[in-house]
Amino acid sequence: MNWVEIEHHTDGTDKRRYFAAVSGFGNVFVPATLAGSEQEIYLASLEDDVRSFRNWRLLYVPAEWLVKAFPHCSELCQQIQGKAYSLHTSQPQQRAPRMAVSAVA
């Protein structure tokens, strides 16, 4: 897994940072808390037999699944997914960095 750090600006003053993981297959994993209660997301991922993992005390789930299962977070999730994938694929001939920083407007 390669990790990316993404800054998200919701307005002129509010800025948040998110971490996302990109697998060797190009799957993007985002924090489950993007959609709400981590416990609720975890139980839904078990029910749907979706792979998840815990890192930095947070639960990470596939972004594609999270958008389908919890559409209310789709805009933010898709922005993070797109930026994470873009950062991951921008260096195809080089070993991907452990951490990259980008901003999502």
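In what follows, every heavy atom counts, from backbone to side chain, and hydrogens, waters and symmetry copies are set aside. Quick note: residue numbers are just sequence positions, from 1. None of these values were measured; they are calculated from a predicted model.
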Distance (rounded to the nearest 0.5 Å) between F29 CZ and L59 CG | 10.5 Å
Please report the shortest heavy-atom distance between A21 and M1, naming the atom on each side.
-> CB-SD, 3.8 Å
L58 CG to F19 CZ distance, which is reported to the nearest 0.5 Å | 9.5 Å
Under 4.5 Å between any side-chain heavy atoms of Y60 and P31, yes or no?
-> yes
Throw together a table of side-chain donor-acceptor distances under 3.5 angstrom for residues 61-77, partners on residues two or more places apart or in other chains.
unit_1 : atom_1 : unit_2 : atom_2 : d
W65    : NE1    : D48    : OD2    : 2.9
H72    : NE2    : A35    : O      : 2.7
S74    : OG     : P71    : O      : 3.0

Please collect all side-chain hydrogen bond (donor to acceptor under 3.5 Å, both in side chains) contacts where either partner lies in residues 28-38, sequence neighbours excluded, each pair once.
-> E38-R54
Taking only residues two or more places apart in sequence, or in another chain, which ones meet Y18 in a ring-ring contact (aromatic ring centres under 6.0 Å, His included)?
-> none
Would you name the heavy atoms of V28 and A84 that are closest together and state the gap between them?
-> CG1-CB, 3.9 Å
